[in-house]
There are 2 protein chains.
Amino acid sequence: MKQTTKKEKFFEESLKLIHEKGFKAVTMRDIAQRLDFEPANIYNYIDSKQALLELYLFDISYEFHDSLNNILKSSYSPEEKLKLIISTHIQLTAKKPYKMALLVNEWRNLKEPKLTEFTEGKKVYENKIRDVIAKGIEEGQFRSMDIEIATYSFLSSLRWIYDKYTGSESKINPFELEKQISDFIFTGMGK
Amino acid sequence: MKQTTKKEKFFEESLKLIHEKGFKAVTMRDIAQRLDFEPANIYNYIDSKQALLELYLFDISYEFHDSLNNILKSSYSPEEKLKLIISTHIQLTAKKPYKMALLVNEWRNLKEPKLTEFTEGKKVYENKIRDVIAKGIEEGQFRSMDIEIATYSFLSSLRWIYDKYTGSESKINPFELEKQISDFIFTGMGK
DNA sequence: TTTATATATTAACATTTGTTAATGTAAATA
DNA sequence: TATTTACATTAACAAATGTTAATATATAAA
């Protein structure tokens, strides 16, 4: 039995609204209307519109960093690490697709100093991925290629996945998705 | 010797501003300030802020559709077609990286009926790509895989490329980029 | 020289938007 | 029962924003 259902509903519906219309396009009045109460009511739950975005973004961002760090701490090979990264990325995205969508599309709307904090974290994350790939090439598990482009390609192969878990269509099985994405990243489309 | 340099400068700088800050975040006063004149001046060049976005978006969108259609009309094999799509996509992106960035990030800010017109076109484009991939699998040029996921993966491998041609860093050679991306898409990262 | 075009300004407008103050009520807790 | 907590309202604000009207000037074309 959940408590404070109204507060939870607020955060849930606001998140979806921001995903649907974009952060800048959503007004406090939009949110209020969706929840069927007056705009002033929102400030019982959150200090400002910006704070709302920050909350969503840093919450999911932390989870990704944390999960990545745990994988990196392990003694798995670079290839196994990448597979784990793919796996946990898809699991997390399947569980929190709307926050993931904000992470991809709305971080630009952060204001300083939060914007810098976020983009620095983003760089750190990407560099960690790049290091795994670099090591994998070095050790001969991956073929020789441009490391930066490989990093971008790898990350972009994961970035669109939230799209499969937002909306009302039947959701794809995360494990099947993981297999398909893994195959694409490691063996490509060719035979 | 170019004519109407001021008008050209307006469209150029507005485009870059929208790319940097996002369409919603850019105000007419921002644009005016960048061009060192008064806001009212903008309306000598364009009817409205929305019209500006529409202009950029449908211009580049048309080029992509046109280029794709020309490739599809050819008698090349699915694999060769995909390679051509990659190639022309990168060439176009290298030539118009800022418009490409808007195409990826700002189309949501279109208003009806332009929004529907755009998203319909997007669907058409993606379906054409899917059909090429489906045919390639059917003919045994590509390995057996989920067609929809392959389509998303293929497209997402191309979607980030504008990032390499905006900004002031040294631009990567498009032909080298094409090789790297092609290799990633067709053979993956593994050996 | 006259005319048309491109480019510019000032001033103001109607809306929209995030936010606050003051206050009330129903439900949960002590 | 008394009191705190959660949830709600009305009314208004200051600032920001897209846009327009009226008008001026420099330049290029006729």
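Naming convention: chains lettered A, B, ... in sequence-line order (proteins, then strands); numbering from 1 in each chain.
- What separates CD of E54(A) from C1' of dG18(C) is a distance of 15 Å, to the nearest Å.
- Between the side chains of N69(B) and K128(B), at least one donor N or O lies within less than 3.5 Å of an accepting N or O.
- Checked against side chain to side chain donor-acceptor pair (under 3.5 Å), D131(B) has no partners two or more places apart in sequence or in another chain.
- Among residue pairs with one or both ends in residues 171-191 of chain A, those qualifying as salt bridge (charged side-chain N to carboxylate O under 4.0 Å, His left out) are K179(A)-D183(A); sequence neighbours excluded.
- In this structure, the side chain to side chain donor-acceptor pair (under 3.5 Å) partners of T27(B), at least two apart in sequence or on a different chain, are D30(B).
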Reading 5' to 3' through nucleotides 8-25 of chain D, protein heavy-atom contacts under 4.0 Å coded B for base, S for sugar-phosphate only, - for none: BBB-B----BBBBB----

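- For residues 50-62 of chain A, every residue pair satisfying the side-chain hydrogen bond (donor to acceptor under 3.5 Å, both in side chains) rule, not counting sequence neighbours, is listed here: D59(A)-K99(A).
- One atom, CZ of F11(A), and another, P of dC7(D), lie 11 Å apart when rounded to the nearest Å.
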I'd like a list of close polar pairs between nucleotides 26-28 of chain D and the protein, N/O only, cut-off under 3.5 Å.
none

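- Applying the ring pair (Phe, Tyr, Trp, His ring centres under 6.0 Å) test to residues at least two apart or on different chains, the pairs with a partner in residues 136-168 of chain B are Y152(A)-W160(B), W160(A)-Y152(B).
- Look at CD1 on I42(B): it is 18 Å from P on dA6(C), rounded to the nearest Å.
- One interatomic measurement links the two molecules: CD1 of I46(A) to C1' of dA6(D), which rounds to 16 Å at whole-angstrom precision.
- Each ring pair (Phe, Tyr, Trp, His ring centres under 6.0 Å) pair with one or both residues in residues 92-116 of chain B, not counting sequence neighbours, appears once here: H19(B)-Y98(B), W107(B)-F118(B).
- Among pairs with a residue in residues 166-191 of chain B, none fulfils ring pair (Phe, Tyr, Trp, His ring centres under 6.0 Å), at least two apart in sequence or across chains.
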